[in-house]
Amino acid sequence: MANKPSIPKGTRDFLPEQSLKRQFIFDTARSIFQLYGYQPIETPAMENLETLTGKYGDEGDKLIYKIQSGKNLREQLGEEKTVALDAVYPDWLPQKSDRALRYDLTVPFARFVVQNQNELSFPFKRFQIQPVWRGDRPQRGRYREFYQCDVDVIGSNGLLNEAELLCIVSEVFENLGLGDIQIRLNNRKILSGIANVAGLGNYFSEMTVAIDKLDKIGVEGVKKEMIARGLPAQGVKKALDHISRKADSETVLRMLSGSLIGDEEGQRGIDEMRKTLRALPEVVREKVEIDLTLARGLNYYTGAIIEVGHEKFPSSICGGGRYDDLTGIFGLKDVSGVGVSFGADRIYDLMEDLDLFPKTLSASSDVLFINFGEKESLACMELAMKLRSDKFSAEVYPDAAKMQKQMKYANSRGFRFVILIGSQEMDDKSATVKDMNTGDQQSVRFDDLNKFVFDKLGAE
RNA sequence: GUGGUUGUAGCUCAGUUGGUUAGAGCGCCUGAUUGUGGUUCAGGAGGUCGUGGGUUCGAGACCCAUCUUCCACCCCA
């Protein structure tokens, strides 16, 4: 082998054991999504570049993976003519890119809805479990290729949707064994109201970016950052006074309602928040906390914003919100949506740290037939088929390899039973069945094999 | 994108101020046990020290570049 093969930075291979754990997360999410009536869809890994650009903010745009496609100018013009141009624009000529790998599942979903609107009935509830790509620097919990599990409902303004999504969030994590998460809820309209009242209406995005770091760098840190970004000091102080209030949600909302008098948008936000909370079943409501510092960078959110964190994990493991006009960009007006996205890979890392995956996931097969030669192995093929008809997993070792090698394979793969059928057993029409846990072995008639395995496995 | 960090056997890691032939544990292979794994014992294979340059009589170690790992920032699932 000349050079060791490798994979791109920030991507990973998954061994069977890891893959099973990942499947567990996907399966858990999928079953909850379906329980709430969401339907699966899939979209292509790549989108036209123009579909994605401008949707994620300046920072996001930089992280979109562009795919070189179409004919670049060098090919069109020929090597000779490009030499001069090359000197002036060194990275312009070779790059012609009009496609890109998807950055998330929400924007492609908006595109999907617009494109397929005639086939869908609204409100349309879908889920989607697929990989996305970001040209980020890899770090713990951040990869360049990772899976998102998205649930969205589009074509409905009702706040019952927000409530339902919070229920889903709660149930998915409960089912994964991650009951001790923090679900934080905020509303962009409230933030907007605070900005207006504080006289920071023109600095909305600067303000949100800064206050989002409040739990990390503290009030003073945020103040410094906002002033460094050029916000008027007076407004900064005012805004921070509103935001850094701590109390139970009803009290916070009442106080906010007082301070945002006269600001229509802010009042609407408060009202939405109230209605959302009121719609939550008690078991879910007690897990949701209002966090006025929650901002979220994605600029398409217009109402509720949701984020889920865990104290043992540095970044959010799930997030989402309401977007009033994402489809508008693609030509379909007045269709509002809400959704959340579960970061499967971050959830995986966290669950691995906390040792939360069920032990039974290390799925081992039930039965291995030792291969003693052609004639014997053919009998094994028949018996294996019969075992599988009763849903026992069974394999026949493919080569008549040394016994020791076959037994070692059985051991490392974790088979529960090894079945030996050599010339002796062929004559007797009964198999030697070895229990790999105890080491015991006994003779079982071919006809009684299924029942034997059933009794043994059923007893545990 | 900015700053730092890591890379030695299949895996986890030792390797002194630069100095002969680069080590350990685990795993793997062979045998004790030619129809019995996991335990035990004996033996064995496996490394151009991430890659490419450079300094030096001499580089796994020092310098530069590049790739990769992890971390902080930015941002985010």
Side-chain angles (χ1 to χ4, degrees), chain A residues 1-12 15 25 29 56-64 102-106 129-150 169 205 208-210 212-213 216-217 221 225 229 294-299 306-310 313-321 339-350 368 370-373 376 397 400-426 431-441:
Chain A
M1 195 166 31
N3 284 315
K4 273 191 179 168
S6 62
I7 53 175
K9 184 199 281 235
T11 65
R12 295 148 304 151
L15 294 167
I25 295 173
Y56 306 109
D58 291 344
E59 288 297 327
D61 276 0
K62 286 185 209 154
L63 301 179
I64 294 173
R102 67 164 103 79
Y103 177 92
D104 71 357
L105 300 179
T106 309
I129 299 175
Q130 288 193 285
V132 303
W133 293 268
R134 293 182 192 179
D136 209 353
R137 280 260 182 113
Q139 217 176 104
R140 175 178 155 73
R142 5 176 56 172
Y143 304 98
R144 287 187 164 181
E145 178 184 59
F146 60 95
Y147 270 72
Q148 292 193 326
C149 313
D150 272 40
V169 166
S205 68
T208 55
V209 169
D212 201 32
K213 297 177 194 164
K216 214 171 189 176
I217 59 178
E225 171 152 351
R229 282 171 187 264
L294 176 62
R296 294 188 60 79
L298 292 175
N299 51 20
I306 300 164
E307 195 164 285
V308 179
H310 190 281
F313 206 76
S315 44
S316 67
I317 51 181
C318 176
V340 292
S341 176
F342 293 78
D345 299 75
R346 288 182 173 178
I347 294 171
Y348 178 100
D349 287 347
L350 177 59
L368 177 72
I370 299 291
N371 187 328
F372 280 90
E376 292 85 351
Y397 196 88
K402 276 189 159 178
M403 180 90 171
Q404 187 169 251
K405 189 177 165 84
Q406 299 191 45
M407 289 301 291
K408 275 196 165 172
Y409 173 79
N411 196 59
S412 65
R413 280 281 315 277
F415 285 90
R416 178 61 205 283
F417 297 107
V418 166
I419 296 184
L420 301 94
I421 297 173
S423 56
Q424 184 83 48
E425 286 84 353
M426 288 292 280
T432 299
V433 181
K434 175 164 182 148
D435 185 325
M436 293 297 276
N437 286 356
T438 62
D440 297 340
Q441 51 188 65

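Reckoned from all heavy atoms, side chains included, excluding hydrogens, waters and symmetry mates. Keep in mind that what you see is a predicted model, and the values were worked out from it rather than measured. Here is the naming used below: chain letters follow the sequence lines, and residue numbers restart at 1 for every chain.
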What's the shortest heavy-atom distance between A:V418 and A:A410, and which atoms? CG2-CB, 3.5 Å

Donor-acceptor pair under 3.5 Å: do we get one between A:R346's side chain and the base of B:C76? yes

How far does the P atom of B:G3 sit from the matching atom of B:A9, given to the nearest Å? 30 Å

Any base atoms under 4.0 Å from A:K9, or only sugar-phosphate, or nothing? Heavy atoms, all strands. sugar-phosphate

If you define the side chain from C-beta out and look only at heavy atoms, does anything of A:S316 sit under 4.5 Å from A:R346? yes

Taking atom C1' in both B:U66 and B:U16, what distance in whole Å separates the two? 30 Å

Using whole Å, what does the distance between atom C1' of nucleotide B:C76 and atom NZ of A:K213 come to? 12 Å

Under the 3.5 angstrom rule, does the side chain of A:Q148 hit a backbone N or O of A:P131 as a donor-acceptor pair? no

Quote, to the nearest angstrom, the P distance that separates B:A59 from B:U21. 11 Å

Check: A:I419 and A:I421 side chains under 4.5 Å, non-hydrogen atoms: yes

Closer than 4.0 angstrom, basic N to acidic O: yes or no for A:D440 and A:K434? no

Watson-Crick or G-U counterpart of B:G60, or none if no pair lies under 3.5 Å: none

For the P atoms, the ones on B:C41 and on B:C49, what distance do you get once it is rounded to whole angstrom? 34 Å

Base-pairing mate for B:A24 - Watson-Crick or G-U, with both contacts under 3.5 Å: B:U12

Would you indicate what A:Q139 reaches in the nucleic acid, counting non-hydrogen atoms under 4.0 angstrom: base, sugar-phosphate, or nothing? base

C1' spacing across the pair B:U68 / B:U6, given as an integer number of angstrom: 9 Å

Touch class at under 4.0 angstrom, heavy-atom based, for A:R144 against every strand present: nothing

Could you measure between the two P atoms, the one in B:G1 and the one in B:A14, and give it in whole Å? 31 Å

Let me know the distance between CZ of A:R137 and P of B:U69, rounded to the nearest Å. 11 Å

Applying the Watson-Crick and G-U wobble criteria at under 3.5 Å, what pairs with B:U66? Answer none if nothing qualifies. B:G50

Identify whether any heavy atom of A:K405 sits under 4.0 Å from a base atom; if not, whether one sits that close to sugar-phosphate; answer base, sugar-phosphate or nothing. nothing

Please list, chain by chain and in numerical order, all residues satisfying side-chain hydrogen bond (donor to acceptor under 3.5 Å, both in side chains) with A:D136, sequence neighbours excluded. A:R142

A:I25 atom CD1 is separated from B:A77 atom P, nearest whole Å, by 17 Å

Where along nucleotides 30-44 of chain B does protein come under 4.0 Å, by heavy atom, of base (B) or sugar-phosphate alone (S), with - for untouched nucleotides? -S---BBBB------

Nearest whole angstrom, please: distance from the P of B:A77 to the CD1 of A:I306. 13 Å

Going by ring pair (Phe, Tyr, Trp, His ring centres under 6.0 Å), name the residues that satisfy it together with A:F372, two or more places apart in sequence or in a different chain. none

Taking for each residue the nucleotide of RNA chain B bearing the nearest heavy atom, is the 5' side occupied by A:D104 or by A:G10? A:G10

Roughly how far apart, to the nearest Å, are B:A32 and B:G47 at atom P? 27 Å

Rounded to whole Å, the CG-P distance (A:D136 to B:U2) equals 13 Å

If you look at every strand shown and take non-hydrogen atoms under 4.0 Å, does A:G60 touch a base, only sugar-phosphate, or nothing? nothing

Please tell me whether A:T432 and A:E425 have a donor and an acceptor in their side chains that are separated by less than 3.5 angstrom. yes

Rounded to whole Å, the OH-C1' distance (A:Y56 to B:C74) equals 19 Å

Donor-acceptor pair under 3.5 Å: do we get one between A:R142's side chain and the base of B:C75? yes

Counting any heavy atom closer than 4.0 Å, what does A:G414 reach on the DNA or RNA strands: base, sugar-phosphate only, or nothing? nothing

Rounded to whole Å, CG of A:D150 lies from P of B:A77 at a distance of 10 Å

Is the number of heavy atoms from other residues, nucleotides or ligands under 6.0 Å of A:K405 NZ greater than 12? no

B:G58 to B:C73 separation - P atoms, rounded to the nearest Å: 45 Å

In whole angstrom, what separates A:L15's CG from B:C11's P? 11 Å

By the Watson-Crick or G-U definition, both distances under 3.5 Å, B:G37 is matched with none

